[in-house]
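Structure first, then comments.
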Amino acid sequence: MIASLPRPLWLRASTVVYGLAFFAFLFLPLVVVAVFAFNDAPYPAPPWRGFTLDWFVGHDGSGRTGLFADAAMLGSLWTSVVVACWVTILSVLVGTANAFLIERTQFRGKQALSLLMLAPLVIPGVILGISILAFASRIANLADDLWGLELEFLRPGLPLVVLGQFSYIVSIATLTITARLKRFDITLEEAAYNLGASRLAVLWTITLPYLKPALIGSAAISFLMSFENFNTTLMLVGSDSPLTVMMYGRMREGATPVLNAVSLLLMVASAVLALTMMRGNKPGTSNNTH
Amino acid sequence: MSSADPTRQSRHVARLMLMLLLAPALLWLLGLIVLPHVELGMLSMRARVAPRVYEPSLAQFRTFFEEPLYWHTFMRTALMSIVATALTLLMAFPIAWTIAKLVRGHTKSMLFVMCLIPFWVSETVRTLGWMILLRESGVLPALLVWLGVTPAPVELLYHDATILVGLVYTSMLFMVIPLISALESLDDSLIEAAYDLGGNGWSILRQIVIPHAAPGIVAGCIVVFMLTLGNYLTPTLLGGKNSQWFTEQIYTQFITRFNWEQGAAFGFLLLALSTAIVWAGLKLSGQKFGEVMQRS
Amino acid sequence: QEKTLRLLTWADYAPADVVAQFEKETGYKVELTLSNNEEMISKLRATGGAGFDLAQPSQDRIAGPQTEFGIYKPMDLSKLKTELFIPSMLDATKINTTVAGKVYGLPHIWGTDGLVVNTKLAKMENYTDLCKAEFKGKVAYRLKRPTLLAFAFASGKDPFALYSNPKAYTELMDEVGKTLTACKPNVKFYWDNKDQLLNGMRAGEIVGAMMWDTGGWKLNNEKPEIQFLAPKAGALGWIDTFAIPAKGKNDAAAYAWINFNMRPEIAAKVAGSAGNFTASKGADQLMDAKLKAQFATSFPEAALKNIKWYPAVPAGIEDIEGKVLDRIKAAN
Amino acid sequence: MCVGPVLTPSPLHANPAAQPDLQATRVAKHYGAFRAVDDLSFSVARGSFFSILGPSGCGKTTLLRMIAGFLSPDSGEILIGGKPMNGVPPNKRPVNMVFQHLALFPMMSVGDNVGYGLARRGVAKDEIKRRVGDMLERVSLPGAQNKRVDQLSGGQKQRVAIARSLVLEPTLLLLDEPLGALDLKLREHMKIELKQLQAAFGTTFVYITHDQSEALVLSDHVAVMNHGRFEQVGTPQQLYYEPQTPFVAGFVGANNRLAGRATEVNGTTVTVTSAQGLMMPARAIGQITRGDAVEAFVRPEVARLARQAALLTDAGLPSFNARVDSLLFDGANSAVLLTEVQSNTEFRIALPQTGEFADLAVGETVFFGFDPQRAVCFAAGTTANEHVFS
Amino acid sequence: MCVGPVLTPSPLHANPAAQPDLQATRVAKHYGAFRAVDDLSFSVARGSFFSILGPSGCGKTTLLRMIAGFLSPDSGEILIGGKPMNGVPPNKRPVNMVFQHLALFPMMSVGDNVGYGLARRGVAKDEIKRRVGDMLERVSLPGAQNKRVDQLSGGQKQRVAIARSLVLEPTLLLLDEPLGALDLKLREHMKIELKQLQAAFGTTFVYITHDQSEALVLSDHVAVMNHGRFEQVGTPQQLYYEPQTPFVAGFVGANNRLAGRATEVNGTTVTVTSAQGLMMPARAIGQITRGDAVEAFVRPEVARLARQAALLTDAGLPSFNARVDSLLFDGANSAVLLTEVQSNTEFRIALPQTGEFADLAVGETVFFGFDPQRAVCFAAGTTANEHVFS
Ligand SMILES: Nc1ncnc2c1ncn2[C@@H]1O[C@H](COP(=O)(O)OP(=O)(O)OP(=O)(O)O)[C@@H](O)[C@H]1O
Ligand SMILES: Nc1ncnc2c1ncn2[C@@H]1O[C@H](COP(=O)(O)OP(=O)(O)OP(=O)(O)O)[C@@H](O)[C@H]1O
Ligand SMILES: NCCCCNCCCN
Ligand SMILES: [Mg+2]
Ligand SMILES: [Mg+2]
C-alpha cells in the first residue's frame, strides 16, 4: 500500500527485490549489447576475448570494418536522421493544426473526426505500410496509365517511408499537443487580447509559448518513434534503407559487433538528447504544474 | 482563437480558419488512412484469373478459412498477444505502483527515467541484446553451463517463451507510463479513507485502485496489445523457424509471394481481429475508446 | 542526361574495385541495392518497374513475373556485345526469358545449389540426409522453392516435368511439404541470408545445410573440413541474369554496365568475388585456380551431368509452392 | 452617477459636468431564449468605484464581457468615454480587465506581464522598463520585475494583474470577481488594499462580485443584479438600509425573512401575519394594501434581546417570546438562533458586541423585539420591473 | 475536559466520571530537525466537540494523522477510549476520519460509500442496507443511496462523508478542515449543520481548522496551536475574552495590536507606550514589570467612538484623537480605519450596529476610547512554553 500506511517487512523486502529484478530485466539486454561492442571477436557472443575498438575504428584494410568505416551503415544512419527530421516537422505541424481544430473549432462530425485521428494508433504498423503501399502504387499506376506521368514519390522510397511513419506518429503528436492545449486557460488569450494584442500577437506571444513544452515533447517523441520504426518502414522502403531496416538485414546475417557499436552509439546519442531535453524542460514544465 | 462574438466579418475569418485547420487533417486521414484501407479492401476482394486479369472474388478469404495453417497462425498470434499483454500488465503494475505511490522526490524521478531509458534505443537494438543473451552461443547458455545447470549450451532462442519475453520487454514502457499516470491521479486520501474505514490491501486494490486506474489499465493494454499483435521484428528474430506470427504471413504474401490480394485479405483480417479484441476489451471494462486513448 | 546507374543485385556481384573502374571509365555513378530474387521482384512489382535501372534476377524467375506484372523492358540486343557471352548459355537464357517473342534477360553468373557439410561433424550425401535424426537442431536450409525442388528430386521425382501439370505438381509439393515438416526439428533456422548461414556453420551451430556452391567454397577456404557436395539427386543449376526494369531511367548506363561486366577480365573479377562462374566467354582462363579446383572436387563428371537447370517458372506455380511453404512454416 | 431604468437618477458626489466613463443603453444579450442580460441601462461616473453584485448566473460576467468587447450585445449600445463601442474589438477598446483567476501569463516574468500591453503598443523598450518599474512601485511591488509569476503570493499576483491593466491607463478598469480565488484572511486584506489603490489611481472601476460584503465595503455605487436585470442601484448604505425589493433585502446583508399577509396597514406601518400565526410590524416599501401577500425582513442586529418582556414594551417595541436553539459564539459576530414560541418561527439575532447575554444557554426562554421602522415589508414578488421573470 | 501542558485543567460541562475518549501524552513528531508536533499532551472528553485551531503548517494535520494511525509518533502515547494505540494500524482503530477533500469513492454510489466500512466488517448485506438507509436519513439525505457521488452538491458530499464515518459508530471522529473546500455561503450553512449533527449523534469530534470563526462557533473546547504546540486550550469564550498569549489574541478574532514598553504598572493595569509615543492602558496577562517590552491588544468592537472627547472621559475612558482614513461600510460589520493623530498609529474600530456614526466622513476627526480592562497586554514573546521557538 501507500507510504503512509504501515507495510509489513516482507512486503517492503519483496518490493525491493522485485524492483531490482525488474530493472535487471530492463537493462540486461542493453548492457550486453554495449559490452560486446568491445569484444575482440568476430561475433557478439561470449567468451570475452579482450578489449578492442576495432568495431568502431577498424577500416577496410584491417579485415574488420568498424562502424566509422562502414559506409552503408553510416549512410543508413543518415537516412534515418533525414527521415526522422521530416516526420518530426510534419507531425508537429499537422499535430498542432489538429489540436487547434479539436480544441478551438466547432463543426459537424468533429467528434467522429477526432476519434478517427486516434485510429492509426490501433492499426498494426504492417497494415498501415501495406495499405499505403497499395494505395500509392494505385495512384502512381493511374497517373502513369492516364497521363504517362511517373510520380516517383509514390513508389517505395524515402518519401513514402516518411508518409507512412507520419500517418500514425501524427496521431501521437496530436494527442500530446491537444492535451496541453486543452489545459490552456483561454482567459490568457483574452487577457492578452484585452491588453491590446492583435490575434497574431496573441498566438505568437501567448499560445505558442504555452504550447512549447508539448511541441518540444512531441517533436522528441516523433523523432524517436520515426527513428525506431520498423514495421511500417519495412513495407515502404525503396533502395535507401533506414537504420532499423539495415540492422534487421544485418542481424539476419548473424550480426557482427558493428551492430553493437552502432547500437551503443544510438544509446549514447539518445541518452544525451533525452537528458538535455529533460534539463531544458524543467523550467518549462514547472509552468503548468504551478 | 478567442471566443469573441462572431460578427459577420469574423465569421468569415472563422470559416477560413476552420478550412485551413481542416485541410491537413483531412489530407492525412483520407490520403493516408481511409483511402489506403479502401484500396486494401478492394485489393483483398479480387482474384487473379489470368495474368493481369482480376475479378471480384472472396477467394482470398476462402483460402484463409480453408487453410488451417493460416487461421492457426492467426489464433496463435491473437492468443500470444493477449498473454503478452497480460504478462506485461502483471509485471508493470508493481513497478508503476512503486513509482506512483511509494517513492518520492529524487528516487521517484530516477526510477521513472530508468523505465524510459531502454526505449530511447530502437527495438532492433533491444532485440539484438536478447539474441546475444539467449542464442546457443550466447551469454545465458554459457552462464548456465558455467553454473552447472546444463551440461552443454542450450538454444534459448526460437521458443514461444522467448517470443513472449521479447514482446513483454518491448511493450513494457507503453504499459508502465499510462499506469503510472493513472495511479498518480489516484488521491492517496482515497486509499487512506478506505483503510481508515477498515479496508485491507486486497479489497482496496479491487474496489478502489483498479476501478480508478481502469482507463489507464485499458489504455496500456490496448497499446501493448496492438504493438504486440502488429509486431514483426521481435517474433521473427526471436522466434526464428517457429515464430509463426501473422504479420509475417502478411509480409510473406506481399514480399516473397507478390500476392498482394492474399496479403491484403490477411491485413484486413488482422485489422478485424484487433478491432474486435480491442472492442471486446473496452466493453468488458466499460471504457470509452476516445477517453482511454487520450491517456496512453 | 542521367548520371547514375541504380543497380538491384546480389551481394558480391558488384565488388568495389569493379564499380570504381566502371565509374572511372564511363562517368556513371553506381548506386547499389542488395537483394534476392523475391525481393527484387516484389520491389519492382511495387514500383511498377521503376526505381532501378538494372536488376539481376535468376533466369527462371523472369518470364512469370513479367507476364504477371510487366516489370521489365525487352532487351535491345543491338546495344549489346553478344559476342562476349558463352553462346550456349546466352541461347538457353534467351529462351527461358522470352515473353511474347521478346527477350528480357541475359546470363551473367551461374552456379548451383547443393549441400554444404562440415565433414568432421557430419556425413551427408543427399538432401534427405539433412533430416536424419542425429542432426536434430543442427541443419539449415531456406524455406523457399529451391528446397522444395531439391527434396522433390531427392524423392526420385522430376518436379520440372510437372510444371505444366498444376494438379500433379500440387500433389508432389504436398508430399515434399510433409517431408519437410517432419524434418523441421532438425532445422536450427531457415536461412535467408547467406552470411547468416555461413556464420552458423563457422560457429559450429550448423553441421549441414542446403546452399549455394559459392558459400561452401568460401567456407572451405577458411575451414577445409567444410565442403560443398553435389547431392546424389543432383545439384540445382541456376543462372543469374541482367534484366532492365520497365521504368528504368538510364538504359544507356545499364547496357554500358552489361558490356563492361562481360569483358573477360572484369567478369573473372566479379565471378571471383561471388565465388561462382560466369557466362562471359574467355573469363574461365582468368579465374582463380583454387576455385576451379574446388569446382572440380565438388563436381565429378557424373555430378556435372546430373545438374538440374531451372526451367522458367510458369505463372501460378509459385502460388502452389507458397502454400506448401507456409504450411511448413506453421507446422510444429 | 448611476441611472437605473426605472430608478430615479441620483447625482451624488461625482462631478455632474464630467461625462460618464461608461454608459449602457438598453443592452441585452440572449442565449437562445434565455435572457442573460435583459435590456439594461446604466452609467458609471468618471473616477468612481461601481460594483455589480448578484448571485451566480445572474449575468454579471456576460455584461462585463460585453463592455470589454468579448461579446457583442444583441441590442442596445455601450459608450465608453463617450464613444460608441459597437464593432470595436477588445484590443482596440480603452478598457482593461482583471480576470477572475487573474490570467497572468505564466511563461513570462512579472515585468514582462506588466509590460505586455505596452510592448503590443510598440512602446520603446526603455520606456516600457521605466513605466513597468514605476507601476510596480505604485502597487508596492518594487523590484519584482524578474520574479516568476509562480513565485508570488496570492495577494501579490492580484496586484500584478491590476498593475498590468493600469499601466495602460485605461478609461475603465473591469474586474471580474478578482478576489474570488483568495482565501478568507487574504480576501479581507486585499479588499482594503483594492479600495486604497482605486482611490490612489482615480481610475473608474467596474467591479463584479457575488459577495455583498465586498460590494458594500469597496464601492461608491452598487448595482444589485438578478436574472439579467438590475434590482436596485445605489450607495451601499441605500441598499442596506433602504432595500427596494425583497431580493435586495435578502441578498444584501443577513436578514430574517417572514412571508405572510398584510393584516393591518397603518400609514407606512404594516402588520404581517405569517401562516404560522406570527404577527410582526414593519415599514412598508412601495404600495401595500390590506390582505396583500407580503414579505417582511428584519436584520439580526436590529432585533434586541431581553430577559424580561417589559424591557422591550417599555421602550415601545413589540415583544416576542422565544426559546434559544443554538448559540453561535463568534466574538463580535456572535448570534443566537431562536424559535419564537407560539409560531415556531426561527430567528437569527445578533448578540450585542458588549458581551451582554454571553451567559445565554441553549433552551433558555428570552424575549426579543425591534423597531418596526427598521424592519421592511414588500408586496410579495416585488422586483425592479414587472417583466423580469418572463 | 481538556488539559493543556502548562495550563490548569478546567473541568467544564463534561461528566468528569467518564473516561476521556482521547488522551495524548507528550506526543511528538519530528521531520528531520523540524518539530512538526512538539511534545503535546491533552485529552478530549467523551461526547465533546474539540477543535484544533492554528495557522497553516502549524502541525494540525500531523497531529490528526497520528491519532488516526497514518503516522506513528516519535515519542509519547495516544490512548483512544482508554486503550493505547501504539502499533495499532488505522484500520483497527476505533476512530474514523473525514478527510479535507472528503475522499468519497467516486467509483461507488452514495450507498456503497456509506456501506463500505460495514461491508469490510463483514456485516450482512441486508443489515448494511438497513443501516445505510437509516444513516442517510439521519444526515437528511434519505433515498440518496443510488446517486453517484458527482451528482451531489458540496454540502451533500460533506454529509455523505460524515455519514460514511459515523455509520461505523467510532469512538472518535476526526475531521481535517472538512469545510475548507466549500464556498463562503455554503460554509456558513454547513457550520451550523455540523454543530447540530454532532449534538444529535453525541460522537466525540476532533476538528481541525485554520478558520477561527469555525472553531468558535462549533466547539466546546478549542486548542489554539502554533509551531507544533498548543498555545491555549479553552472554551471559545475563554480564548476570545481571556487570551493567554499574544498569538492567541492576534489569531482569534480581529484585534488591534500595539507593541511598546510598559511605562507604568498599576496593579493589573499596565500603560503601554509605543515607539511612536502612543500611550494606552491595558490589563496585564501574566507577570509584567515596568520597562518590559510588551504587546497590547484591543478589539475593534471594544473601542467606542465619540465626536467629543468629553463623552469618553466622562465615562472614565481614556480618549484618543483620530482622523478617519477609510470607511468600511459592511452593514452590521461596518468599521472605520482611523489614524491616531499624534502617533500616526492605525486602528480599526467597529461601528455600532445601531447605525450611529453612519454619517462619518473620510478626513473627519473623531475621538475613541475603550475600557482598559477589556484590552489585554502581554510581555512580548509570551508563548505557552519557553522552548517553543527552538
Ligand atoms: N455561451 C453561453 N450559452 C448559453 N448560456 C450561457 C452562456 N454563457 C452564459 N450563459 C448563461 O447565462 C447566464 C449568465 O451567465 P454569467 O456568466 O454572465 O453569470 P455570472 O453572473 O457571471 O455568474 P457567476 O457569478 O457564476 O460567474 C447563466 O445562467 C449562464 O448559464
Ligand atoms: N512528510 C513531511 N516531511 C517533512 N515535513 C513535513 C512533512 N509533512 C508535513 N511537514 C511539515 O510539518 C509542518 C506541519 O504540517 P501539517 O500538515 O501538520 O500542517 P497543518 O497544520 O495541517 O497545515 P495546513 O493548515 O496547511 O493543512 C509543516 O511545516 C509541513 O511543512
Ligand atoms: N533459385 C535461384 C537461386 C539464385 C541464386 N543466386 C545466388 C547468388 C549468390 N551470390
Ligand atoms: Mg461570472
Ligand atoms: Mg493540514
Side-chain angles (χ1 to χ4, degrees), chain A residues 1-5 15 18-19 22-23 26 28-30 32-33 36 44-46 94 97-98 100-101 105 107 115-116 118-127 130-132 134-135 138 163 167 170 175 179 189-190 193 199 227-228 230-231 244 247-248 251 255 259 263 266-267 270-271 274, chain B residues 1-3 18 21-22 24-25 28-29 32-33 35-37 39-40 43 94-95 98 101-102 114 118 120-126 128-130 132-133 135 137-139 142 188 191-192 195 201 222 226 229-230 232-233 237 247 250-251 254 260 263-264 267 270-271 274 278 289-290 293-294:
Chain A
M1 282 289 107
I2 58 179
S4 63
L5 295 178
T15 307
Y18 182 77
F22 181 85
F23 284 108
L26 276 196
L28 209 53
L30 302 189
V32 160
V33 168
F36 282 97
V94 176
N98 289 343
F100 277 93
L101 185 69
T105 64
F107 56 93
L115 275 188
L116 190 59
L118 299 176
L121 297 178
V122 288
I123 300 175
V126 173
I127 297 178
I130 56 173
S131 62
I132 291 172
F135 181 60
R138 146 103 43 172
L163 286 180
S167 72
V170 67
L175 269 180
E189 279 184 7
E190 291 181 351
Y193 198 34
R199 282 169 185 271
F227 211 89
E228 290 196 4
F230 176 79
N231 291 349
T244 44
M247 284 182 70
Y248 173 73
M251 274 160 78
L259 283 188
S263 302
L266 286 189
M267 288 186 221
S270 49
Chain B
M1 265 290 103
S2 96
S3 51
L18 178 62
L21 290 175
L22 211 48
W28 158 44
L29 290 172
L32 294 176
I33 307 295
L35 293 179
H37 281 83
E39 167 68 21
L40 199 66
L43 209 52
I95 288 299
T98 305
K101 292 285 170 205
L102 289 181
M114 275 172 65
W120 292 342
V121 295
S122 60
E123 189 183 350
T124 337
V125 175
R126 285 176 257 149
L128 174 65
W130 282 112
I132 295 173
L133 276 172
R135 58 184 297 167
S137 58
V139 177
D188 276 4
I191 296 170
E192 290 177 351
Y195 203 65
I222 288 184
M226 291 315 304
L229 193 73
Y232 174 79
L233 196 72
L237 286 179
T247 47
I250 298 174
Y251 181 83
F254 262 81
W260 285 20
L270 186 67
L271 200 59
S274 64
V278 167
F289 177 68
M293 292 313 287
Q294 270 151 27

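Chain naming here is simple, since letters A, B, ... match the order of the sequence lines and numbering starts at 1 in each.
At least one side-chain heavy atom of A:Ile2 sits less than 4.5 Å from a side-chain heavy atom of B:Glu192. Between A:Leu115 and B:Met293 the shortest side-chain heavy-atom distance does not fall below 4.5 Å. B:Ile95 places a side-chain heavy atom less than 4.5 Å from the side chain of A:Tyr18. The side-chain heavy atoms of A:Ser270 and B:Val121, taken from C-beta on, include a pair separated by under 4.5 Å. Annotation: side chain of B:Met226 is not in contact with side chain of A:Leu121 (no heavy-atom distance under 4.5 Å). Contact check for A:Pro29 versus B:Arg126: no side-chain heavy atoms found under the 4.5 Å cut-off. Contact check for A:Thr244 versus B:Glu123: no side-chain heavy atoms found under the 4.5 Å cut-off. Two residues are said to be in side-chain contact when any heavy atoms from C-beta on lie closer than 4.5 Å; B:Val139 and A:Leu28 fail this criterion.
For B:Ala142, the part lying under 4.5 angstrom from a heavy atom of chain A is the side chain only. The part of A:Thr15 that comes within reach of chain B is its side chain, from C-beta onward, which places non-hydrogen atoms under 4.5 angstrom from that chain. Proximity to chain B (any heavy atom under 4.5 Å) is restricted, for A:Leu5, to the side chain, taken from C-beta onward. Neither the backbone nor the side chain of A:Ala179 comes within contact range of chain B, judged by heavy atoms closer than 4.5 Å. Contact annotation for B:Trp260: only side-chain heavy atoms (C-beta onward) come within less than 4.5 Å of a heavy atom of chain A. Using a 4.5 Å cut-off between heavy atoms, B:Tyr195 contacts chain A through its side chain alone, with no backbone atom that close.
For A:Asn231 (side chain) and B:Gly230 (main-chain N/O), a donor-acceptor pair under 3.5 Å exists by modelled atom type.
Ring-plane geometry between A:Phe230 and B:Tyr232 is classed as parallel, the angle between the planes falling under 30 degrees on a 0 to 90 degree scale with a further cut at 60.
For the atom pair CG (B:Leu32) and CD1 (A:Ile132), the distance works out to 5.0 Å, reported to the nearest 0.5 Å. Of the inter-residue distances, the one linking A:Ile127 atom CD1 with B:Leu40 atom CG reads 7.5 Å to the nearest 0.5 angstrom. Between B:Leu35 atom CG and A:Arg138 atom CZ the span is 11.0 Å, to the nearest 0.5 Å. Interatomic distance, CD1 of A:Ile130 versus CZ of B:Phe254, reported as 4.0 Å (0.5 Å rounding). Between atom OG of residue A:Ser263 and atom CD1 of residue B:Ile132 there is a gap of 7.5 Å, rounded to the nearest 0.5 Å. Between atom OG1 of residue A:Thr105 and atom CG of residue B:Leu21 there is a gap of 6.5 Å, rounded to the nearest 0.5 Å.
Among the candidates A:Ser4, A:Ala271, A:Ser167, A:Ala3, the residue making the largest number of heavy-atom pairs closer than 4.5 Å to chain B is A:Ser167. Interface remark: of the candidates B:Thr247, B:Leu128, B:Asp188, B:Leu128 forms the most heavy-atom pairs closer than 4.5 Å to chain A. Annotation: maximal heavy-atom pairing with chain A below 4.5 Å, among B:Leu270, B:Val278, B:Thr98, occurs at B:Leu270. Taking chain B as the reference chain and counting heavy-atom pairs below 4.5 Å, the highest number among A:Leu30, A:Ile123, A:Leu26 is found for A:Leu26. Most heavy-atom pairs under 4.5 Å with chain B, from the set A:Leu259, A:Leu266, A:Leu116: that is A:Leu116. Highest contact tally toward chain A, considering only B:Gly263, B:Pro24, B:Ser137, is held by B:Ser137 [criterion: heavy-atom pairs under 4.5 Å]. Top candidate by heavy-atom pairs under 4.5 Å with chain A, chosen from B:Leu43, B:Leu237, B:Ile222, B:Leu229, is B:Leu237. Note on B:Ile250, B:Leu133, B:Ile191: by heavy-atom pairs under 4.5 Å with chain A, the leading option is B:Leu133.
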B:Tyr251/A:Val126 under side chain to side chain contact (heavy atoms under 4.5 Å, CB included): CA gap, chis, key distance, verdict: CA-CA 8 Å; B:Tyr251 181 83; A:Val126 173; 5.5 Å; no

